[in-house]
Amino acid sequence: MSVPAVSVVIASYNHRPWIVESIQSVLAQRGLDFELIVIDDGSSDGSEQVIAPLAAEHQFHFEQQPNMGLARTLNKALGLARGRYFAPFGSDDRMRPGRLALQQAHLDNHLELVISAGNIFKIDEHGQPLAAKKQRHYPARELDFADVFLNRKPGAPAPTLLFRTEALRRVGGFNPEIRLEDLYIELKLTESGGRIGILEDVLADYRIHGKNTYQNLRFMYENVSRTYSAFSQHPEYSQARAAFLNSMLRKAMKRDRGVAKTVLADLGWKQLDYRNWLSALSLLLR
C-alpha cells in the first residue's frame with residue numbers, strides 16, 4: 001500500500017447534524033494522497049448511523065468506542081496513522097478545498113516548521129457566514145515558543161492545524177490530563193525549538209454553536225491554567241500565567257461573574273492588570 005502524505009483524523013462526538021458535511025469536505029480534497037480515520041467517541045445521538053454508510057462507500061477507517069475524551073482518541077489515531085503529516089479535524093467543521101495540498105507543500109518546503117496552520121472563516125450552526133464584524137483575518141506569520149506562551153502574536157486556529165506525525169510521536173502525543181489539547185501540544189512542540197507557520201489562506205470553516213468548548217469559560221480557565229502549569233519551570237511562567245488570567249478576567253466579567261471571582265482569587269491583586277482594577281472592585285462590591 002502507498003504511504004499517504006496526510007492522515008486526517010475526525011474524532012466524532014455528538015455532532016450528528018454536521019458530521020456528514022465534515023467528512024465530505026475531507027473526501028473532496030485533491031492534489032495529494034491522504035487517509036481518513038474517523039473514530040466515534042461514544043456519541044449518544046446516533047452519529048454512527050450516518051457515518052457507517054459513508055465509511056462503507058468511501059472505504060475510510062471508521063470505528064466506535066466508549067467515550068475516552070478527545071486527547072486519548074487522538075493518541076489512539078496517532079497509533080493508527082500512516083501519513084507523514086497528521087491533521088485532527090472537528091466533526092462540526094468544514095475543510096476548505098485544496099487545504100491539505102497547500103499545507104503539505106508548506107511543511108515540505110519549510111523543514112523548520114513542526115505545525116502548519118491558516119485562517120478560519122466563522123459560520124453558524126446552519127452553515128451560514130457570521131457577520132463581517134465577527135470575522136478575523138490575520139497575515140502570514142511564524143510563532144516560536146515565547147510567541148505562543150506569552151500570546152505575543154495571534155495564535156494558530158485549531159481547525160487548521162497540520163502536524164509532523166513524527167514530531168507528535170516524539171513528544172508522546174497529546175496529554176489526556178488536559179482537555180484543551182491544542183495549546184498544550186503547540187507549546188510542547190515549540191519548546192525545543194520547532195516553529196509554527198501560519199498561512200494567510202482561509203483553510204477551514206469553523207462552526208459556532210452552543211456546544212463549542214471555548215464558550216465554556218470555566219472549562220477554558222481550568223484547562224488553560226493546567227496547560228500553563230505544565231510549563232511552570234519556564235522563566236516566563238509567572239508573566240504568561242498572569243497575562244492569561246487577566247485576559248480571562250476581562251472575558252468573565254462580561255459573561256460569568258462566578259468564574260470572574262474564581263479567576264480574581266487565583267490571580268491576586270499584585271498581578272492584576274491596571275485595566276482590570278475598576279472591574280475587580282465592582283466585582284467585590286456587588
Side-chain angles (χ1 to χ4, degrees), residues 1-12 15 18-39 51 54-55 57-62 70 73-123 127 137-143 155-169 173-174 181-182 185-186 189 194-207:
M1 295 177 64
S2 63
V3 176
V6 179
S7 296
V8 181
V9 175
I10 297 178
S12 172
H15 282 164
W18 311 299
I19 181 62
V20 169
E21 196 172 4
S22 176
I23 290 172
Q24 288 175 336
S25 74
V26 175
L27 295 175
Q29 296 294 305
R30 298 290 182 268
L32 79 169
D33 292 326
F34 65 90
E35 66 176 353
L36 173 60
I37 300 169
V38 180
I39 302 177
I51 300 172
L54 283 173
E57 179 183 355
H58 296 282
Q59 297 296 298
F60 59 80
H61 180 96
F62 171 54
L70 182 55
T73 302
L74 290 177
N75 284 337
K76 180 178 182 178
L78 187 58
L80 297 171
R82 298 182 299 120
R84 299 196 313 276
Y85 304 127
F86 186 88
F89 193 62
S91 53
D92 50 350
D93 297 328
R94 296 189 307 219
M95 194 174 282
R96 285 290 181 95
R99 170 205 159 165
L100 292 181
L102 181 65
Q103 287 186 280
Q104 177 197 357
H106 190 208
L107 289 179
D108 283 349
N109 294 328
H110 295 84
L111 299 182
E112 75 281 7
L113 301 180
V114 289
I115 301 174
S116 171
N119 277 299
I120 57 171
F121 186 78
K122 296 177 182 178
I123 58 176
H137 191 97
Y138 297 103
R141 58 203 180 278
E142 287 193 10
L143 310 180
T160 71
L161 296 176
L162 182 69
F163 300 90
R164 293 190 188 275
T165 306
E166 286 307 312
L168 277 178
R169 289 174 175 155
F174 300 88
E181 70 292 332
D182 50 325
I185 201 64
E186 289 171 25
L189 287 171
R195 298 178 68 83
I196 301 172
I198 307 179
L199 300 162
E200 66 176 353
D201 305 76
V202 175
L203 302 181
D205 294 325
Y206 176 59
R207 197 180 304 268

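A search for side-chain contact (heavy atoms from CB on, under 4.5 Å) contacts involving Asp201 returns Leu102, Leu199, Leu203, not counting sequence neighbours. Glu200 pairs by the side chain to side chain donor-acceptor pair (under 3.5 Å) definition with nothing, not counting sequence neighbours. For Gln103, the side chain to side chain donor-acceptor pair (under 3.5 Å) partners at least two apart in sequence or on another chain are Arg99, Ser116. In this structure Asp108 satisfies the salt bridge (charged side-chain N to carboxylate O under 4.0 Å, His left out) test together with Arg84, sequence neighbours excluded. Every residue two or more places apart in sequence or in another chain was checked for a side chain to side chain donor-acceptor pair (under 3.5 Å) with Gln29, and none qualifies. Every residue was checked against the salt bridge (charged side-chain N to carboxylate O under 4.0 Å, His left out) condition with Arg164, not counting sequence neighbours, and none meets it. Considering only residues two or more places apart in sequence or on other chains, Leu27 meets the side-chain contact (heavy atoms from CB on, under 4.5 Å) condition with Ile23, Leu36, His58, Phe60. In this structure Glu21 satisfies the salt bridge (charged side-chain N to carboxylate O under 4.0 Å, His left out) test together with Arg94, Arg207, sequence neighbours excluded. In terms of the salt bridge (charged side-chain N to carboxylate O under 4.0 Å, His left out) criterion, Arg141 has no residue partners (sequence neighbours excluded). Looking at residues two or more places apart in sequence or on another chain, you find no side chain to side chain donor-acceptor pair (under 3.5 Å) involving Gln24. Remark: Val9 pairs with Ile37, Leu74, Ala77, Phe86 by the side-chain contact (heavy atoms from CB on, under 4.5 Å) rule, at least two apart or across chains.
One N or O on the side chain of Thr160 and one on the backbone of Gly118 form a donor-acceptor pair closer than 3.5 Å. Thr165 places a side-chain N or O within donor-acceptor distance of the main-chain N or O of Gly83, the cut-off being under 3.5 Å.
At least one side-chain heavy atom of Val26 sits less than 4.5 Å from a side-chain heavy atom of Phe34. Within the 4.5 Å cutoff, side-chain heavy atoms of Phe174 are placed close to those of Leu168. Contact of the Ile19 side chain with the Ile51 side chain is registered, since non-hydrogen atoms from C-beta on lie closer than 4.5 Å. Residues Leu161 and Phe163 are in side-chain contact: their nearest non-hydrogen atoms beyond the backbone lie under 4.5 Å apart.
Note: Leu80 CG to Leu78 CG = 9.0 Å, rounded to the nearest 0.5 Å.
Residues Arg195 and Glu112 are not paired through a salt bridge, judged by the lack of any N-O separation under 4.0 Å between the basic side chain and the carboxylate.
Pairs of residues two or more places apart, or lying in two chains, that qualify as ring pair (Phe, Tyr, Trp, His ring centres under 6.0 Å) and include a residue from residues 88-119 are His106-His110.
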